[in-house]
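This report refers to the structure that appears directly beneath it.
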2 protein chains.
Amino acid sequence: MSEPPRHEKRRRKGLDSPTLTDVAREAGVSSITVSRVLNSPDSVRESTRHKVEAAIEHIGYVRNMVAGSLASARSRFIPVIVPSLSNVVFIEVIQGLQATFEQHDYQILLGNTDYSMKREEELIQTFLGWSPTALITTGLRHQPGVRAVLERYSHPLVEIMEVGEAIDMSVGMSHYHAGHCMADYLVSRGYRHIVYAGTQMDGNYRAQQRYEGHRDRLQEQGMAAPLLEWHDPSQFELGATALEEVRKHHPRADAIHFADDVMACGAILHANRHGLRIPEDIAIAGFTCLPLGQSLTPRLTTIHSPREAIGRLAATQIITRLNGGQPDSSAIDLGFELVPGDSA
Amino acid sequence: MSEPPRHEKRRRKGLDSPTLTDVAREAGVSSITVSRVLNSPDSVRESTRHKVEAAIEHIGYVRNMVAGSLASARSRFIPVIVPSLSNVVFIEVIQGLQATFEQHDYQILLGNTDYSMKREEELIQTFLGWSPTALITTGLRHQPGVRAVLERYSHPLVEIMEVGEAIDMSVGMSHYHAGHCMADYLVSRGYRHIVYAGTQMDGNYRAQQRYEGHRDRLQEQGMAAPLLEWHDPSQFELGATALEEVRKHHPRADAIHFADDVMACGAILHANRHGLRIPEDIAIAGFTCLPLGQSLTPRLTTIHSPREAIGRLAATQIITRLNGGQPDSSAIDLGFELVPGDSA
DNA sequence: ATGAAAGCGCTAACAC
DNA sequence: GTGTTAGCGCTTTCAT
């Protein structure tokens with residue numbers, strides 16, 4: 001009679017880290033009790049809890065989140081897909097998200113598309129493999145495939161930065177109105193030859209929407225709305241270039257409406273270096289309201305976008321839903337604020 | 001004879017997403033073959049692979065990474081612990097890391113300590129629960145508990161930003177020497193009353209190390225090394241405040257050596273607003289070399305820190321080790337470069 | 001090159 | 001309030 005093949009009940013690899021069961025044995029309880037101490041401490045009698053906590057401490061138990069996620073089919077991961085990390089705006093959104101999620105023990109998975117819709121698709125595919133608790137992605141436009149996937153996704157989903165027809169929820173502001181608003185302000189200040197200057201506007205269609213708002217306002221006025229566009233990432237240097245090109249190709253221009261503050265600041269810095277007077281020689285307006293613009297001389301006229309608020313609210317919406325609640329609204333428009341400076 | 005209670009073999013929840021087994025059935029192979037197609041396609045005959053790939057496509061299979069991580073005890077997660085996301089330097093490090101890791105299908109888990117050593121401990125504890133493939137953390141100093149945990153950690157570990165005695169590997173630069181180098185430069189330019197100004201230097205002991213290098217150089221010269229310190233996060237406004245305070249409390253000061261470029265730029269912007277001449281009235285030096293400083297008038301004298309390189313190299317070190325290689329060196333000093341401007 | 005069996009460490013469901 | 005049992009969906013080991 002040969003014995004049945006004995007299988008080592010011990011771990012396959014050199015992983016000798018203690019498990020829930022080890023803690024349970026040490027504490028003289030069952031493993032589910034240890035699990036409860038970790039997940040819903042209030043459902044365990046205090047004395048039991050103390051025993052278990054002592055055992056955890058004693059054997060140096062580290063919780064295996066992977067096993068927990070598999071068993072419960074929920075991972076406490078929340079992917080956040082943004083188009084860029086070079087743009088401070090998204091960093092601030094992420095900070096808002098992180099601050100809120102961290103209090104509820106959710107972990108962000110950061111995804112950067114570099115303004116590529118195709119990359120968004122890959123990222124979502126990957127992230128779905130982690131059984132995410134919820135999903136956050138930037139913008140309301142997606143590849144058809146992504147859209148289909150997101151529509152099928154049955155957990156909380158927030159599309160951030162914009163307002164409009166959301167798949168599940170959205171938190172953002174209207175870029176069209178922001179562009180319109182700034183154009184209106186420039187017109188009201190007496191500018192008559194306003195050039196719009198942006199970069200990477202094919203991928204960054206929020207900048208495109210701002211341009212459309214701008215253009216529509218100028219057209220109401222019977223004014224042309226020339227657009228100057230580049231394809232490099234937004235940097236100070238590009239703002240300087242833009243300023244030069246406007247002066248060369250649009251000599252009558254009396255104002256430049258920049259798609260973002262970085263380029264606008266770059267233009268002001270360039271003007272300062274070369275003795276160009278702003279707004280007398282040419283006026284400058286930006287978008288987003290970075291601290292730098294408010295410290296320059298002249299102070300930048302811009303629009304403040306509520307990005308940390310977007311982050312915090314997006315997170316709050318998700319938490320509400322995860323706790324079984326129904327958020328007050330599924331589409332939140334946080335608005336924006338025109339910040340008059342001295343540059344226009 | 002009552003039948004034994006029948007347990008639904010199907011999924012507990014409404015999770016009807018297809019599994020490896022579903023794909024296997026569809027393709028007429030075993031599940032392990034599907035697994036191999038996903039993990040080591042070369043070990044599967046081409047015809048089999050095509051069958052499986054077709055099945056995956058057909059039923060819309062999404063890989064469950066959580067289950068895979070549990071079974072293999074490796075998660076493809078690499079936690080990255082940084083002290084701040086408000087500091088662009090760390091954003092750039094993260095970008096360098098992400099660019100490299102993404103090519104190898106590793107996912108960063110971002111942790112932000114806000115310069116709290118205690119928070120670092122919590123984060124590491126949490127992250128270890130995800131069976132991380134490797135670990136990246138900022139700095140060489142840790143709470144005793146953290147140190148013990150890290151020393152026991154048996155996977156690749158990189159401590160970034162500094163040079164010195166690493167637990168496993170390190171990639172960084174010498175902050176002491178950077179401070180020393182800038183002080184030396186200022187002395188050589190003829191400045192004789194140099195104030196060092198920094199903020200949050202208790203938590204950010206790299207700034208502290210720069211100060212020590214600065215101080216030691218001045219002491220060699222027989223000069224005093226006054227230190228002005230704040231506790232708010234570094235912002236332009238704080239640089240302005242610092243400039244004012246130096247002029248008030250150190251009227252003989254002819255130079256300010258700032259712990260970072262943000263404050264230094266803030267000081268220059270403030271000087272520009274108030275007609276103070278830099279460097280004639282007072283000289284300004286910074287640290288890290290942000291684009292802004294190089295676009296200001298006067299251009300900021302600063303030190304360039306190799307942060308994207310730190311990110312890329314830290315990632316490369318880890319990949320090398322994960323592929324079974326041995327990196328050339330376990331402690332990499334990427335150095336720094338003094339960037340003379342017009343502000344000092 | 002492919003498969004069968006046995007878990008990885010945890011939690012859901014249901015009993016007591 | 002606590003325990004028992006049966007998986008979660010994948011990969012490992014070992015066999016063919």
Side-chain angles (χ1 to χ4, degrees), chain A residues 4-25 27-52 56 59 61-76 128-131, chain B residues 4-25 27-52 56 59 61-76 128-131:
Chain A
R6 282 297 222 112
H7 284 273
E8 247 318 351
K9 278 285 181 186
R10 214 41 201 157
R11 292 154 198 83
R12 281 172 269 173
K13 324 189 55 164
L15 311 175
D16 50 358
S17 31
T19 71
L20 254 200
T21 315
D22 297 330
V23 176
R25 189 180 314 115
V29 297
S30 77
S31 57
I32 186 66
T33 301
V34 180
S35 170
R36 289 193 181 110
V37 169
L38 262 22
N39 295 308
S40 49
D42 297 337
S43 71
V44 176
R45 196 192 294 128
E46 190 167 332
S47 61
T48 315
R49 190 170 67 235
H50 289 325
K51 266 195 311 192
V52 171
I56 288 176
I59 68 180
Y61 169 70
V62 176
R63 190 174 181 175
N64 185 329
M65 308 292 275
V66 178
S69 299
L70 177 59
S72 67
R74 287 177 306 112
S75 73
R76 302 202 83 83
L128 285 181
W130 289 108
S131 311
Chain B
R6 284 294 225 116
H7 283 275
E8 250 315 353
K9 278 286 183 187
R10 211 45 198 155
R11 292 154 199 82
R12 281 173 270 175
K13 324 190 56 163
L15 311 174
D16 50 358
S17 32
T19 71
L20 254 199
T21 316
D22 297 330
V23 176
R25 189 180 314 114
V29 297
S30 77
S31 56
I32 183 61
T33 301
V34 180
S35 170
R36 287 202 260 257
V37 169
L38 262 22
N39 294 308
S40 50
D42 296 338
S43 71
V44 176
R45 196 194 295 129
E46 189 168 331
S47 61
T48 316
R49 189 169 69 234
H50 288 325
K51 266 196 310 191
V52 171
I56 288 176
I59 68 179
Y61 169 69
V62 176
R63 192 174 179 174
N64 185 328
M65 308 293 274
V66 178
S69 300
L70 177 58
S72 67
R74 287 176 305 112
S75 73
R76 303 203 81 83
L128 285 181
W130 288 108
S131 311

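Convention: sequence-line order gives letters A, B, ...; per-chain numbering from 1. Values below: all heavy atoms of this structure, side chains included; hydrogens, waters and symmetry mates excluded.
Minimum atom distance to the side chain of A:Leu70 is reached by D:dC8, of the listed D:dC8, C:dC10, D:dT11.
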Dump every N/O contact between nucleotides 1-4 of chain C and the protein below 3.5 Å, one line per pair.
| from | atom 1 | to | atom 2 | distance (Å) |
| --- | --- | --- | --- | --- |
| C:dT2 | OP1 | B:Thr48 | OG1 | 2.4 |
| C:dT2 | OP2 | B:Arg45 | N | 2.9 |
| C:dG3 | OP2 | B:Ser30 | N | 3.0 |
| C:dG3 | OP2 | B:Ser30 | OG | 3.1 |
| C:dG3 | OP2 | B:Thr33 | OG1 | 2.5 |
| C:dG3 | N7 | B:Arg36 | NH2 | 2.7 |

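Per the geometry, CG belonging to A:Leu38 stands 16 Å off C1' belonging to D:dT2, to the nearest Å. Protein atom CZ of A:Arg74 is 15 Å distant from nucleotide atom P of D:dG9, rounded to whole Å. Rounded to whole angstrom, the span from the CE atom of B:Met65 across to the P atom of D:dC10 amounts to 11 Å. Atom NE2 of A:His50 and atom P of D:dT2 are 12 Å apart (whole Å). Rounded to whole angstrom, the span from the CD1 atom of A:Ile59 across to the P atom of C:dG9 amounts to 13 Å. Remark: C1' of C:dG9 and CG of A:Asp22 are 10 Å apart, rounded to the nearest angstrom. Distance B:Trp130 CH2 to C:dG9 C1': 13 Å, rounded to the nearest Å. The CD1 atom of A:Ile56 sits 13 Å away from the C1' atom of C:dC10 (whole-angstrom rounding).
Summarising the geometry of B:Tyr61 relative to B:Thr19, their closest heavy-atom pair is CE1-C, 3.6 Å, with the distance given to 0.1 Å. Considering every non-hydrogen atom in both B:Ser131 and B:Ala73, the closest pair reads CB-O, 4.2 Å.
Not one side-chain nitrogen or oxygen of B:Asn64 sits closer than 4.0 Å to the OP1 or OP2 atom of D:dC8. OP1 or OP2 of D:dC10 has not a single side-chain nitrogen or oxygen of B:Ser35 nearer than 4.0 Å.
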List the atom pairs, with distances to 0.1 Å, where a side-chain N or O of residues 34-42 of chain A and a protein N or O form a donor-acceptor pair under 3.5 Å, not counting sequence neighbours.
| from | atom 1 | to | atom 2 | distance (Å) |
| --- | --- | --- | --- | --- |
| A:Ser35 | OG | A:Asn39 | ND2 | 3.3 |
| A:Asn39 | OD1 | A:Arg63 | NH2 | 2.4 |
| A:Asn39 | ND2 | A:Ser35 | O | 3.0 |
| A:Ser40 | OG | A:Ser43 | OG | 3.2 |

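Residues passing the side-chain hydrogen bond (donor to acceptor under 3.5 Å, both in side chains) test with B:Ser69, sequence neighbours excluded: none. Every residue two or more places apart in sequence or in another chain was checked for a side-chain hydrogen bond (donor to acceptor under 3.5 Å, both in side chains) with A:Thr21, and none qualifies. For B:Ser47, the side-chain contact (heavy atoms from CB on, under 4.5 Å) partners are B:Arg45, not counting sequence neighbours.
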Worked verdict on A:Val44 versus A:Val52 for side-chain contact (heavy atoms from CB on, under 4.5 Å): CA-CA 10 Å; A:Val44 176; A:Val52 171; 5.9 Å; no
